[in-house]
There are 2 protein chains.
Amino acid sequence: MKDVAAAAGVALKTVSRVVNDEPGVNPATAERVVAAIAQLGYRRNESARVLRRGRTATIGLVIEDVADPFYSGMSRAVEDVALRHGSLVLSGSSGEDPVRERELVLTFCARRVDGLIIVPAGTDHDYLLPELDAGIAAVFADRPGGLEADTVICDNAGGAHAGVGHLIRHGHRRIAFLGDSASIFTASERLRGYRRALAEAGLPADGSLIAMGPADRAGAALCAMLAAPDPPTAVFTGNGRITVAALRTGHRPALVGFDDFELADVLRPGVTVVAQSPDGLGRTAAEMLFRRLSGEPGPAERIQLPTRLIPRGSGEIPPP
Amino acid sequence: MKDVAAAAGVALKTVSRVVNDEPGVNPATAERVVAAIAQLGYRRNESARVLRRGRTATIGLVIEDVADPFYSGMSRAVEDVALRHGSLVLSGSSGEDPVRERELVLTFCARRVDGLIIVPAGTDHDYLLPELDAGIAAVFADRPGGLEADTVICDNAGGAHAGVGHLIRHGHRRIAFLGDSASIFTASERLRGYRRALAEAGLPADGSLIAMGPADRAGAALCAMLAAPDPPTAVFTGNGRITVAALRTGHRPALVGFDDFELADVLRPGVTVVAQSPDGLGRTAAEMLFRRLSGEPGPAERIQLPTRLIPRGSGEIPPP
DNA sequence: TTGAAAGCGGTACCAA
DNA sequence: TTGGTACCGCTTTCAA
């Protein structure tokens with residue numbers, strides 16, 4: 001910038017004014033400056049600007065895994081909103097590890113991101129308190145975090161309730177639930193919806209029909225259930241990866257899965273799902289964050305997004 | 001930091017030494033400083049550090065779309081390598097738009113990223129030259145860029161050649177090619193491989209069996225071909241999205257697709273694919289970038305990764 | 001309309 | 001082993 005000022009024969013401050021479109025610069029002067037900028041290939045150093053102004057125009061996004069279609073869809077939505085607000089996105093995958101989540105968040109904070117969108121891996125977020133005090137905004141997405149803060153989740157219990165109810169209406173009385181580890185908020189919420197649907201229909205709760213754990217064990221769990229005496233006639237799968245794991249077993253009981261996925265309509269039969277919107281989650285979280293960043297006051301909000309049942313065939317198979 | 005120094009009763013510089021693990025600090029002094037840091041909840045301001053040191057420990061990643069499984073896989077690999085090198089990743093989606101690509105790259109450069117990994121949307125990268133001169137390293141991934149720079153691509157022509165050859169060996173003589181827009185490097189390379197395979201087998205090149213364009217038109221193109229007199233008995237699809245579009249038509253000619261995808265093995269018949277490795281692409285590009293950042297000299301390298309044919313059924317269907 | 005000078009929060013270099 | 005000071009490149013404040 002100094003060089004530009006010298007080349008244009010003006011003071012540093014004048015160049016700064018031109019670069020920032022500040023008013024009160026003689027058009028002729030401005031033109032000289034612009035010419036000098038072009039000629040020298042000058043580009044403003046954002047680090048210096050950030051240092052001085054305090055705002056980085058960058059937000060941090062911590063998700064579980066970018067390579068998971070659910071989170072990458074969410075990621076894209078966040079990116080788009082950020083772009084509209086002139087911000088960039090630093091992102092990182094926690095891999096469902098609270099320690100890694102914390103490291104990522106603190107690293108982002110050290111870079112002075114303006115705000116954070118976090119898909120919490122852990123439940124304790126006290127480490128965030130000093131950062132929030134320091135003025136960094138935070139929004140939890142997909143799951144609530146361990147402290148009062150803006151949160152966007154989807155209607156997990158309601159969605160599972162609707163999906164299981166759908167199977168019940170098609171005549172099933174023994175319905176299995178394959179879910180992610182019970183320690184994960186979304187998994188336990190969905191289990192709750194499943195239980196409520198059974199109870200409302202007056203069906204017994206049979207613990208042997210419930211398997212909670214990582215997706216790579218879901219297939220084996222399903223096979224075991226189907227091989228047992230009095231097997232389930234239908235399955236509700238608690239997330240996209242588990243649905244795929246169940247399909248991969250080759251068994252084709254009646255099935256409704258939480259999360260939509262590409263090719264769900266191409267399989268035979270088509271896979272009936274309870275769809276949530278990764279886009280909606282990302283967009284809503286980002287918009288909420290930017291609203292806070294632009295100074296919106298008020299207590300922490302909690303937004304719940306609806307789910308949608310999409311019948312495609314697998315959920316309409318009657319019991320044998 | 002000033003406050004910490006005051007609290008610990010030492011000079012600014014000493015705090016700096018402690019924070020950076022520089023040698024030559026009395027353990028007792030260091031301890032006092034550490035205590036002051038903890039008590040004040042001090043955290044180093046990275047912006048200031050960057051301003052002074054010139055290195056941001058951040059790299060920029062420009063891909064086509066994070067929500068595309070191919071690129072999100074690549075993204076994850078880049079993120080992992082970056083993390084191992086203590087760097088963060090700023091990422092953005094170009095949406096196959098050269099203007100947006102340029103904007104993203106320049107924005108990243110203004111933030112003084114140390115290096116860039118770019119999946120080029122355009123073919124003209126002269127806008128990068130000043131940045132390269134300014135010392136920013138760049139690696140092109142998935143496609144070559146418009147200037148001499150390190151590049152990692154996969155063996156597109158060879159992969160397509162293998163896939164089409166596979167169909168030919170199973171007796172097909174009329175094989176359609178559904179590819180992305182011919183202006184995209186990978187698409188034209190794969191078309192080249194297709195042509196070479198036909199030529200080597202002494203098969204005629206029939207232009208009516210070739211359709212190039214965005215994935216959302218591929219389905220209609222396939223339907224039109226199959227409805228025409230003397231239809232193809234087999235199809236080679238030029239990328240993952242086009243493979244899915246072809247499957248979605250409901251027609252099931254013999255098919256080999258470029259790119260592996262989740263559920264390819266669950267469909268009936270399983271989908272035979274030419275797999276490339278998004279991970280490998282991301283990892284290799286990132287490692288190359290960090291090698292340059294650590295000062296490795298030498299001319300631009302070009303690495304080509306192999307592809308792998310995975311027979312699953314759809315590619316082994318004989319002609320009727 | 002333009003400019004000079006003081007800092008933002010660190011690091012680098014040199015002196016004590 | 002420790003401290004002082006210049007300075008990174010920009011914005012802000014105030015004066016001309």
Side-chain angles (χ1 to χ4, degrees), chain A residues 1-37 40-58 86 106-107 109-114 130-131 134-136, chain B residues 1-37 40-58 86 106-107 109-114 130-131 134-136:
Chain A
M1 190 176 245
K2 208 172 49 186
D3 299 342
V4 173
V10 297
L12 198 62
K13 176 61 210 175
T14 304
V15 179
S16 172
R17 287 204 178 88
V18 172
V19 170
N20 293 296
D21 288 323
E22 281 172 39
V25 179
N26 187 310
T29 315
E31 201 166 320
R32 275 213 323 280
V33 173
V34 169
I37 286 175
L40 292 168
Y42 165 79
R43 213 148 294 140
R44 177 171 64 193
N45 182 325
E46 290 294 326
S47 308
R49 171 169 228 246
V50 159
L51 177 58
R52 187 63 227 217
R53 312 219 328 174
R55 271 225 172 169
T56 54
T58 305
L106 293 180
T107 307
C109 289
R111 305 274 176 129
R112 296 297 191 269
V113 293
D114 299 330
E131 312 300 342
I136 291 182
Chain B
M1 187 174 248
K2 209 171 48 187
D3 299 342
V4 173
V10 296
L12 198 63
K13 179 60 213 178
T14 304
V15 178
S16 173
R17 285 203 179 90
V18 172
V19 169
N20 293 295
D21 288 322
E22 280 172 41
V25 179
N26 187 310
T29 316
E31 203 166 320
R32 272 209 332 278
V33 173
V34 169
I37 287 176
L40 293 168
Y42 165 80
R43 212 148 294 139
R44 175 171 67 194
N45 182 325
E46 289 294 325
S47 308
R49 172 168 227 248
V50 159
L51 177 58
R52 184 64 224 208
R53 312 215 332 171
R55 272 224 172 171
T56 54
T58 305
L106 293 181
T107 306
C109 289
R111 306 275 176 124
R112 296 298 191 268
V113 293
D114 299 330
E131 312 300 343
I136 291 182

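Proteins come first, then strands; the chains are lettered A, B, ... in the order of their sequence lines, and each starts at number 1.
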What one should report as the nearest heavy-atom pair of A:V50 and A:R55 is CG2-O, 3.7 Å
Rounded to whole Å, CG of B:D21 lies from P of C:dT11 at a distance of 12 Å
ask   = Are side-chain heavy atoms of A:V10 and A:V15 found at a separation under 4.5 Å?
value = yes
- Task: Mind running side-chain contact (heavy atoms from CB on, under 4.5 Å) on B:V4 and B:L12 for me, showing each step along the way?
- Result: CA-CA 8 Å; B:V4 173; B:L12 198 63; over 6 Å; no
On a heavy-atom basis, the closest approach of B:R44 and B:N20 is NH1-OD1, 2.6 Å
Value for CE (B:M1) from OG1 (B:T14), rounded to nearest 0.5 Å, stands at 10.0 Å
Overall bend of the helix from C:dT1-D:dA16 to C:dA16-D:dT1 (five pairs an end, 10° steps) is 30°
Rounded to whole Å, the CG-C1' distance (B:N20 to C:dG9) equals 13 Å
Under a 4.0 Å heavy-atom cutoff, the residues of residues 47-57 of chain B touching DNA chain D are B:L51, B:R52
Indicate every side-chain donor-acceptor pair of residues 21-33 of chain A with a distance under 3.5 Å to a residue at least two apart or in another chain.
from  : atom 1 : to    : atom 2 : distance (Å)
A:N26 : OD1    : A:A28 : N      : 2.8
A:R32 : NE     : A:A8  : O      : 3.1
A:R32 : NH2    : A:A8  : O      : 3.2

5'-most to 3'-most nt of DNA chain D touching chain B (<4.0 Å, heavy-atom partner on protein side) reads D:dT1 to D:dG9
Rounding to 0.5 Å, atoms CD1 (A:I136) and CG (A:D114) come to a distance of 8.5 Å
By side-chain contact (heavy atoms from CB on, under 4.5 Å), A:R52 pairs with (sequence neighbours left out) none
- Query: Heavy atoms under 4.0 Å, any strand shown: does A:R44 hit a base, just sugar-phosphate, or nothing?
  - Reply: sugar-phosphate
Indicate whether OP1 or OP2 belonging to C:dT2 is found under 4.0 Å from a side-chain N or O atom of A:T14.
no
Q. Quick one: are A:E46 and B:R112 in side-chain contact, heavy atoms under 4.5 Å?
A. no
Q.
Quick check against the 3.5 Å criterion: does B:R111 have a side-chain atom that pairs as donor or acceptor with the backbone of B:T56?
A. no
Note: A:A57 and A:G86 closest approach over all heavy atoms is CB-O, 3.8 Å
Checklist entry - So what does B:V19 hit on the nucleic acid, given a heavy-atom distance under 4.0 Å: a base, only sugar-phosphate, or nothing? => result nothing
B:R17 CZ to C:dT11 C1', in whole Å, measures 11 Å
Residues in residues 22-31 of chain B with a heavy atom under 4.0 Å of DNA chain D, by number, are B:G24, B:V25, B:N26, B:T29
To the nearest angstrom, the NZ-C1' distance between A:K13 and C:dG3 comes to 10 Å
Whole-Å distance, B:L12 CG to C:dT11 P, equals 9 Å
For A:L51 and B:A48, the nearest pair of non-hydrogen atoms, with its separation, is CD1-CB, 3.6 Å
